[in-house]
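Quick note on labels: first sequence line is chain A, next is B, and so on, each numbered from 1.
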Amino acid sequence: MQYNFNEIEAKWQKYWAENQTFKAENNSDKEKFYVLDMFPYPSGAGLHVGHPLGYIASDIYARYKRHKGFNVMHPQGYDSFGLPAEQYAIQTGQHPAITTAENITTYRRQLDQIGFSFDWSREVRTSDPKYYKWTQWIFIQIFNSWYNKDTDKAEDISSLVAVFEKEGNASINAVCDEDIAIFSSEEWKSFDSKKQQEILLQYRLTYLAETEVNWCPALGTVLANDEIVNGVSERGGHPVVRKKMTQWSMRISAYAQRLLDGLEKIDWPQPLKDSQTNWIGRSQGASATFKVNDHNAVIEVFTTRPDTIFGVSFMTLAPEHELVLQITTPEQKAEVEAYIEATAKRSERDRMADVKTISGAFTGAYAEHPFSKEPIPIWIGDYVLAGYGTGAVMSVPCGDQRDYDFAKHFNIPIPNIFEGVDISEEAFADKSKTVIANSDFLNGLPYKKAMKLAIYELEKLGQGEGKINYRLRDAVFSRQRYWGEPFPVYYVDGMPQMIAAEHLPIALPEVEKYLPTETGEPPLGNAEVWAWCTKENKVVHNSEINNATVWPLELNTMPGWAGSSQYFNRYMDPTNNNEIFSKEAMNYWQDVDLYIGGSEHATGHLLYSRFWQKFMFDRGFVPKDEFAKKLINQGMITGTSAFVYRVEFSIESAFNPEHDSDMNDDDIRLFSEFEKNLTSKIGSLFVPKSYVDKEYGDLEKILNNSLFNNQIAKEWSDYVLNKFEISEDQVYLKFQHLNPIHADVSLVSVTDQLDIEAFKNWREEYKNAVFILEDGNVYDSKSFPEDKWRGSFIVGREVEKMSKSKYNVVNPDEICAEYGADSLRLYEMFLGPLEQSKPWNTAGITGTHSFLKKLWRLYFDDNGAKFTDTEPTKDNLKTLHKTIKKVEEDIANFSFNTSVSTFMICVNELSTQKCTSKSVLEALAILVSPYAPHIAEELWSQLGNTASISTAPFPTFDASHLVESSKEYPISFNGKMRFKLELPLDMSKDQIEEVVMAHEKTQQQLQGRTPKKVIIVPGKIVNIVG
RNA sequence: GCUCGAGUGGUGGAAUUGGUAGACACGUUGGACUUAAAAUCCAAUGGACAUUAGUCCGUAUGGGUUCAAGUCCCAUCUCGAGUACCA
């Protein structure tokens, strides 16, 4: 009986689908286990072999947990809103919903063929109105909430209104906009509704604010930082300007500290936690205010080093700082304005990339030092960023390198306030070695004490306080796109109103064009039916807007992360139309036990999701304030690109017709045209990898020899030679350089041979290309009609990111067809540690494929089944239990690559032992089944079982089968292993020493010397020193 | 620059607390079977010398600790990832 993997895999995939084998129930006596993958964006290119890596790992874990008796939920869905479908719509007019649906069909087919144990009954799609209804619902909940710092959680906005009504806002301790005026309860009651709404908006967890965007006038659209290269748009190279727009923002900054604290209780990779920590960027220090001389203004700064306040010799404001124009003196005005203009021209990226150039301008104004009352010059400089802290710094050149460089550049004094430190070359920033000097009341104090005292004195003056600053900024939540969730928002007199939850979803309107409108409004501005009727509670035609009962709807849509920030909770109860999820479902599933996905989402999805989860927790919707207990980052599978080397050359001749002949002008012109024509007629000339290392001269010689053996070149050169009566050696190929060109990896054999015919047919421009083979001969299709690989042409290889543009994408469909899904699953795991990035090499898959064939032959030969009811031998049991132990340890450590090796060893051993014992083979099938589920199901059913193998309990490890009575000791001399000696394990140290010392090989090694020392570690090693 | 991670055969990688370096595969070479190929099986495969035995070198480099170091410590180099003037 043959291992017919195609048939077996199709059969079991059908069985699982029909029997809903992996459907998880929302209540069960079993313990729950929730295994989650990051759901994919269904791109038009489909899956490549790098994509399923994480899914295979999570699938192994999910299947293992089922064998261990857990009720496992392993859902999958699609993050189906996004830019590519929208851009395709702009180009072709095809509705993004259609593109998305087609792509999902491809994805589903590709996922199904790999044999995942997904519970497809729980599938979600973020672009499905039934799903985004709940994204809109969450937005409304966030809008109706404010953050109470006293209780340190989000509360319903009604609790805030209650306080306003009772006592005004003076005692409110909220995360809110800055500079909210204080009002009393009487004043609050006297405000009209619009004024009250304006005030509340300043407290809500999502609010409207003016934020800067990258606006590209030519494209009429907003661009992400990634879409801008060197200050112009990536598409088309149009100029980009900074523009203020009113947009929704989320007050994620309210959660900065809790997002930081929460990291301690979740089992996520340390590098990922580090990047979230850096992103949140907590720094402890003080805020201080400096009075500006001759102006009724103060500059507020944040500093982490209040202890160095006496070292301040100037202040620096960001060029965009609001005070700059106000305080600049008439004499400095021209210089300052020129500098501001120059800065505005540089994009934020440019400004940040260029660390070396020091630039700035003096405003002419002075501030007053809070303690010494000395005047301090105020400068502007673009190393200070408007978006961080207060956009102003107190510059302490002796203690900060950037301040130091700035001071040196502009000849500003650098007072030294550190005891025993030389600052003539660079600033001194080592807090732990700091002792303050020349600083009045701080003299002689170390960093910590000086910092405390400085803050205390600042507070006494009323010019500062201790402060914690976070880098994390509020998240902009509006996008000027079509293919995203519409907001459930309409505007009354410019004030945003939420549509009541019972009227959701507010579905995306149809538009004619997916581009922004001519007036620069978002694409939804093109919609004709996009107004809200408060009487009928439905979306109506824009013409009905009367600003009484019918109002305009919000034109922005939500960002990509909206739909992905709660999808893991929706999976618990995905078809519930009345609630985002039922209390029962949430109470049963609680949170994600294992989440697997890429680390590129560290500061995006994984931070926003934690934020929303904490919000949902505060408002009592979810029982856990962290959504995923454990997270694993799978590494990237890189591609192995193939290169052919194009010879850049020209045909030249040593023959100069003007001097060497009596040609007329016409012939001379004709001749030079022949030279050119010959070059282009030969067209592309390719050489294999081995030519890269050849000497310049050798290479040119080979090329010339080959070239004139080539038919095309010969015909042409003969023609030229005859026509002008010049000798052959006077026309030659001049070599310039080799240019590596990507060749599609599907045109290359596993032994790196190029299929030249296929390559020529791959692209029109290579149709007539000439190939010089390893042996220096020119490839001729007629000489190799039988064997396409015989013309030896070896390509170069290089590891790069797997991408379409590099022609190194390997499609899982072909792998599944040729080797089967089980081979693919095993191979992806076998490649290396899950979290590591590693190169794909299709050639290696024969290893796991032949392992599966060997496994199959343990159960079947040509005559059919081999298994019998015979008792297992001692060796059989030893092999089996060794394998159980190792595989369980490996799964616990997510070390799937080593468990594949373990299976190989196990099968090799059982084959050698000629094991036919059914009990052993049954256990083996279960062990393998999480990794290679199709073959395992087939073996299981052939062994006579009727239920799916996924219901079988995992074999239990029995240590008694591994008990050894003896050990082959390595005998080392001075740490070097010289020979091995089999000794009983119950031998005492003394007995071992006696036997080892008496051994003839020991004496031979010692050559009469007496050892200084004999180290014996029972069960491990013997080392003889001396 | 900073933070984190990593450097092991021709290649991917293994080596759980310091205890036989190179498991398991790929590739390569030789052999068996075959008209031939594929498939399968067997053998060899870190390097050098010696080809019986064996010796020396070897986990990026240089030092150190130890009976014993891929593993621990110090310094240096290289690569990768993240971050970006964070006051």
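- Distance check on atom P: B:rA69 versus B:rG80 gives 32 Å, rounded to whole Å.
- Among all heavy-atom pairs drawn from A:Ala642 and A:Val795, the shortest one is CB-CG2, 3.9 Å.
- B:rG9 is unpaired under the Watson-Crick or G-U wobble criterion, no partner having all donor-acceptor distances under 3.5 Å.
- Distances from the side chain of A:Leu831 to the nucleotides B:rG19, B:rA25, B:rG12 place B:rG12 closest.
- Between the P atom of B:rA81 and the CD atom of A:Gln634 lies a distance of 16 Å, rounded to the nearest Å.
- Distance from the side chain of A:Phe830 is smallest to B:rA25 among B:rA87, B:rU55, B:rA25.
- Taking only side-chain atoms of A:Asn1023, from C-beta outward, the nucleotide of B:rA68, B:rU83, B:rA87 with the closest atom is B:rA68.
- In this structure, B:rG9 is classed as syn because its glycosidic torsion stays within 90° of zero.
- Among all heavy-atom pairs drawn from A:Asp822 and A:Ile935, the shortest one is OD2-N, 2.8 Å.
- Comparing B:rC85, B:rG19, B:rA15 by their closest approach to the side chain of A:Lys1020 singles out B:rG19.
- Using a 4.0 Å heavy-atom distance criterion, A:Lys838 is classed as a sugar-phosphate-only contact.
- Considering only side-chain N and O atoms, A:Gln836 lies under 4.0 angstrom from the phosphate OP1 or OP2 of B:rG13.
- When rounded to the nearest whole Å, the span between CG of A:Asp274 and P of B:rC2 equals 16 Å.
- Among the protein residues, A:Lys853 comes within range of the sugar-phosphate backbone only, with heavy atoms under 4.0 Å from sugar or phosphate atoms but none that close to a base.
- Residue A:Leu385 has its side chain nearest to B:rC86 when only B:rG12, B:rC41, B:rC86 are considered.
- Pairing each heavy atom of A:Phe5 with each of A:Tyr819, the nearest pair is CE1-C, 3.4 Å.
- If you check B:rU59 for Watson-Crick or wobble pairing at under 3.5 angstrom, you find it has no partner at all.
- When heavy atoms are screened at a 4.0 angstrom cut-off, A:Thr846 is found touching the sugar-phosphate backbone but no base atom.
- Within the 4.0 angstrom heavy-atom criterion, no nucleotide atom of any strand lies near A:Lys886.
- Taking 4.0 angstrom as the limit, A:Arg471 places none of its side-chain polar atoms (N or O) nearer than this to OP1 or OP2 of B:rA87.
- Here B:rG19 is the nucleotide among B:rG19, B:rU16, B:rC85 with the atom lying nearest to any side-chain atom of A:Ile1021.
- Nearest to the side chain of A:Pro833, among B:rC4, B:rA87, B:rG13, sits B:rG13.
- As the counterpart of B:rA68, no nucleotide is assigned, since no Watson-Crick or G-U wobble pattern has both distances under 3.5 Å.
- Aromatic ring orientation, A:Trp379 versus A:Phe314: perpendicular (interplanar angle above 60°, classes split at 30° and 60°).
- Using a 4.0 Å heavy-atom distance criterion, A:Val1017 is classed as a base contact.
- Put simply, A:Arg857 has a side-chain N or O that comes within less than 4.0 Å of OP1 or OP2 on B:rC41.
- At the heavy-atom level, A:Asn893 lies nowhere under 4.0 Å from the strands shown.
- Each of B:rC67, B:rC86, B:rG19 was ranked by its minimum atom distance to the side chain of A:Lys1013; first place goes to B:rC67.
- When each of A:Asn897 and A:Thr390 is assigned the nucleotide of RNA chain B with its nearest heavy atom, A:Asn897 is the one assigned upstream, toward the 5' end.
- In plain terms, the two heavy atoms of A:Phe896 and A:Met829 that are nearest each other are CB-SD, 3.6 Å.
- Counting any heavy atom pair closer than 4.0 Å across all strands shown, A:Arg282 reaches no nucleic acid atom.
- Within the 4.5 Å cutoff, side-chain heavy atoms of A:Ile455 are placed close to those of A:Met451.
- A sub-4.0 Å separation between OP1 or OP2 of B:rA87 and a side-chain N or O of A:Ser283 is present.
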